[in-house]
Amino acid sequence: MKIRALIVDDERPARERVKKSLADETGVEIAGECANGPEALAFIQDHRPELVFLDVQMPEVSGFDVLRA
């Protein structure tokens with residue numbers, strides 16, 4: 001069984017780097033990507049990923065705000 005992961009970063013190149021780093025990890029499935037905190041909150045509520053790669057410095061809703069929610 002694979003771990004479903006979410007990648008959250010407001011910068012596309014950063015999301016791509018995380019995806020590239022995980023490409024050879026057979027136990028991890030990228031369940032989705034989000035470009036901001038509100039998207040991440042909605043995705044997490046709807047899809048319940050087991051793992052979140054979360055940028056802490058994002059405009060408006062930071063990664064820490066997502067954690068608190």
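All heavy atoms count here, side chains included; hydrogens, waters and symmetry mates do not.
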Has the side chain of Gln45 got a donor or acceptor atom that lies under 3.5 Å from a matching backbone atom of Leu41? no
Determine, step by step, whether Val66 and Val61 satisfy the side-chain contact (heavy atoms from CB on, under 4.5 Å) criterion, reporting the C-alpha distance in whole Å, the side-chain angles of both residues, the deciding distance to 0.1 Å, and the verdict. CA-CA 7 Å; Val66 172; Val61 178; 4.1 Å; yes
Test your reading of the model: is there a side-chain donor-acceptor pair from Ser62 to the backbone of Met58, 3.5 Å cut-off? no
Quick one: CD on Glu11 to CZ on Arg17, what's the gap to the nearest 0.5 Å? 7.5 Å
Using modelled atom types only, decide if a donor and an acceptor are shared between the side chain of Arg4 and the backbone of His47 within a distance under 3.5 Å. yes
Closest heavy-atom pair, Leu6 versus Ala40, reported as atoms and distance to 0.1 Å, is CD2-O, 4.4 Å
Here the pair of heavy atoms bringing Ala31 nearest to Phe43 is O-CZ, 3.3 Å
With side-chain contact (heavy atoms from CB on, under 4.5 Å) as the criterion, how do Glu60 and Asp65 come out once you've worked through the C-alpha distance, each side chain's angles and the decisive distance to 0.1 Å? CA-CA 9 Å; Glu60 297 178 36; Asp65 295 331; over 6 Å; no
side-chain contact (heavy atoms from CB on, under 4.5 Å) with Asp9: of Val56, Asp55, Asn36, only one passes, and it is Asp55
Salt bridge or not between Lys19 and Glu33? Use side-chain N to carboxylate O under 4.0 Å. yes
Verify the neighbour count for atom CG of Asp24: are there more than 12 heavy atoms of other residues, nucleotides or ligands below 6.0 Å? no
Please give the remaining members of the hydrophobic cluster of Leu51, linking ILVMFWY side chains under 4.5 Å, ordered by chain and number. Ile3, Ile7, Val18, Leu22, Val28, Ile30, Phe53
